[in-house]
Amino acid sequence: MIVRIAGNDYGSLIPPEIGAWTPSLRVSVVVPAYSGQEKLDLVLAGLAGQTYPAALTEIIVVDNGSLPSLCLPELRPAGTRLIDCPVPGRAHARNAGLLAATGDVIHWLDSDVVLDRRSVEAHMRWHHVAPYLVVTGYLRFTPAELPAPGVVAAADDLAKIFEPAEPHAWLVDLVERTGGLIDNPHRAFSLHVGGATSVNAALLAQTGPMDAGLILGQDTEMGYRLAQAGAVFVPEPLSRAFHLGPTMRMRDKTSIDRVSHAFVADRIPAYRWLRSHPTRQWKVPYLEVVVEPAGRPGGGYGYDEVRATVDAVLAGTLPDVVVTLTGPWDRLGTEDRAPLENPDLDLVLIRGHYAHEPKVRFSLGAPESVRPAPSYPATGEGLPAVPYRLRLPAGWVPGEDSLARLLDVAKDDGYGLVSVLLAEAAESPGSAGRAETTGNAEDAGSAGGAEGVEGRARGDRRLVTARLERAAAFARAAIVLAEGEDLDDAVEDTFGVLWVDGETYGFLPEARPVTGRRGSHRARTEAEAEVARLTKEAERLRGQVTKWRDEAGTWRRSAVELRREVGGLRKELAAARKVVQYGLLSSVKRALTRRR
């Protein structure tokens, strides 16, 4: 049984100790090269001294149009071949090497990277414990003078030759701040760098070759597709290598990012910050919504139900979405003489209504949960790797923010499948309600809903659900799937499954008014006007409060002065009383004196 890894937690694997095991897998080291014969000689010298068995190793050097042509030096591994790829471009050279490779594992290696003698073995010990790994070694960038090839081949520790050197700071930082890529598996694919990375060949067959349409960023884009194919990414500190001089990125990071981001934004939906535009359509969308036309008595298709669902999807807060409509579109012919009597009228209306909508696609069948593998060796760009797919029965209408909320749950918690309970209805012989015709029974197959939206039987009741599937989870599940096991159960083991209530997430079985961009613009304008009004009112009230505070201060000062005046008057009154009392006493005394 193939070992199962949850998320990117490769910590559950125990690779054998270096030098204490017997390998069996063959490795093809692919070295694309353009000129730089002197550095290539050192790279091959480093490969000649590897501890991994030479009988299980082949080296393929791809000359990418060098002038003069490259040649193989005397000091090289026994299984080294030199092939030509006249089409310029690193991706073309990589793909040419991939076509020629025969190993169980493909080890990418740049023509200016010298491997430590234990590096290949450090990689391969991981590939022997799981068949879906991507392993990357640690590069150091050396400014040292180039030694003789013999010195490199004889060195037990390359650090004595190439240190001091700088670490691959970006990679080290990524690994450290993600707990070795375990804590944040969404960025793990960024570990796929071409300098010193190895990939299981069967996994590459599922992924497809390197995208030759990219100028830069080919490694990262391939890493993304490997992730969608179910890969687990492993940083291997025991695999050390020295890059001869700085990389192009180290010399001009800002310019490199500018060029790279212009292209990878179209191909890597995970880079959400590159897709901030509210209306752009991208080559690889973030979400594909598969809408199956609503079932009706007699097997007809409902235009009104489909339109309600599709329009709500396209009007939602998630613009990075495409819709796939499944149905027998191939049986539709030309215009009928009596269109209102056409038994396929609703199909005709659906296709006609969305024929020119670029975000709506027509398919004869629902796409599978697991992408079919391209032929290997493969040519071309491979299959678009849409990271999420929602299977939704027609007639069920998501709220404006429903899809975005579902994706947040799936992404933040790493779930491989989020099942949305839409309805539960009684099942009776001959019934033809939505609950019966929009989904499959739980035992309809082991494709995890690949044939349609799930409708699970529970006693005499049937559950109508939508399914949000994560491509990476289903690809991983297909790799580790045991005979007779349901695919959803394997997804549960590797990524987890969550059930949520449809009404809580805004799914309703009825059409709702679609405001559209104009309506959204109006609502936003009104909201901004209201904010401005409230801001002015708040400023007015703050001014009024300030005025009241000033007046209160004046009143307090007046009160103090009044208190002082009252105090003075009280003193005067007391003095007057004393004077009066003294005068009365004197008068009494005089009166008594006269009487005597």
Side-chain angles (χ1 to χ4, degrees), residues 1-10 12-13 130-134 182 185-186 188-189 200 202-203 206-207 224-233 269-270 286-290 366-373 383 385-392 403 406-422 439-458 463-502 505:
M1 182 176 179
I2 298 176
V3 63
R4 299 187 175 190
I5 301 172
N8 203 67
D9 190 3
Y10 56 86
S12 59
L13 302 179
Y132 51 95
L133 302 183
V134 177
I182 295 175
H186 304 296
F189 69 85
N200 182 279
L203 196 65
Q206 181 68 27
T207 303
Y224 166 76
R225 281 188 284 126
L226 285 165
Q228 305 317 304
V232 169
F233 297 82
Y286 192 54
L287 174 67
E288 178 188 17
V289 179
V290 180
E368 298 180 6
S369 296
V370 180
R371 295 185 301 140
L383 298 174
V386 180
Y388 292 99
R389 175 178 290 123
L390 175 68
R391 302 179 186 275
L392 181 64
L403 304 186
L406 275 181
L407 286 167
D408 286 343
V409 171
K411 179 179 179 297
D412 294 344
D413 297 325
Y415 288 109
L417 171 63
V418 179
S419 289
V420 185
L421 178 59
L422 299 176
N440 299 329
E442 185 175 11
D443 59 355
S446 61
E451 296 180 6
V453 181
E454 180 181 24
R456 297 195 177 194
R458 178 186 292 177
L463 302 183
V464 181
T465 68
R467 294 167 54 95
L468 179 63
E469 301 172 351
R470 182 178 177 183
F474 279 83
R476 177 88 57 82
I479 295 172
V480 303
L481 191 67
E483 184 178 357
E485 182 182 16
D486 186 86
L487 191 61
D488 284 5
D489 292 336
V491 171
E492 172 75 46
D493 286 348
T494 53
F495 283 82
V497 175
L498 175 70
W499 279 86
V500 298
D501 177 64
Y505 278 81

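- Rounded to the nearest 0.5 Å, atoms CG (Leu481) and CZ (Arg4) are 7.0 Å apart.
- Nearest heavy-atom pair, Pro367 versus Arg391, reported as atom, atom and distance to 0.1 Å: O-NH2, 2.7 Å.
- Within the 3.5 Å criterion, the main-chain N or O of Tyr415 finds no donor-acceptor partner in the side chain of Asp413.
- With Arg476 contributing its side chain and Ala231 its backbone, the two residues share a donor-acceptor pair below 3.5 Å.
- Of all heavy-atom pairs spanning Ala472 and Phe495, the tightest one is O-CE1, 4.0 Å.
- Residue Leu407 holds its CG atom at 8.0 Å from CG of Leu390, rounded to the nearest 0.5 Å.
- In this structure, the side-chain contact (heavy atoms from CB on, under 4.5 Å) partners of Ala130, at least two apart in sequence or on a different chain, are Val3, Leu13, Tyr132, Leu133.
- A distance-only check finds a donor-acceptor pair linking the side chain of His186 to the backbone of Lys411 [under 3.5 Å].
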Pair Val232-Asn8, side chain to side chain contact (heavy atoms under 4.5 Å, CB included): steps then yes or no: CA-CA 5 Å; Val232 169; Asn8 203 67; 3.6 Å; yes
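- Residues Val500 and Leu406 have side chains in contact (heavy-atom distance under 4.5 Å, counting atoms from C-beta outward).
- Here Gln228 contributes atom CD and Tyr388 contributes atom OH; the two are 8.5 Å apart, rounded to the nearest 0.5 Å.
- The minimum heavy-atom distance between Gly230 and Ala475, with the atom names listed, is N-CB, 3.7 Å.
- Rounded to the nearest 0.5 angstrom, Arg389 CZ and Glu469 CD are separated by 7.0 Å.
- With rounding to the nearest 0.5 angstrom, the CG atom of Leu463 is 5.5 Å from the CH2 atom of Trp499.
- Remark: Glu492 pairs with Val497 by the side-chain contact (heavy atoms from CB on, under 4.5 Å) rule, at least two apart or across chains.
- Residues passing the side-chain contact (heavy atoms from CB on, under 4.5 Å) test with Asp408, sequence neighbours excluded: Asp412.
- Contact detail for Pro131 and Asn200: the closest heavy-atom pair is O-CG, 3.0 Å.
- Taking the side chain as every heavy atom from C-beta outward, Ile5 and Ser12 approach each other to under 4.5 Å.
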Steps toward side chain to side chain contact (heavy atoms under 4.5 Å, CB included) verdict (Leu226, Phe233): CA-CA 9 Å; Leu226 285 165; Phe233 297 82; 4.1 Å; yes
Test side chain to side chain contact (heavy atoms under 4.5 Å, CB included) applied to Leu468 and Leu287, step by step: CA-CA 9 Å; Leu468 179 63; Leu287 174 67; 3.8 Å; yes
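- The minimum heavy-atom distance between Gly502 and Val420, with the atom names listed, is CA-CG1, 3.4 Å.
- Between Ala229 and Ile479, the shortest heavy-atom contact is O-CD1, 3.7 Å.
- For the atom pair Arg467 CZ and Asp488 CG, the distance stands at 4.5 Å (nearest 0.5 Å).
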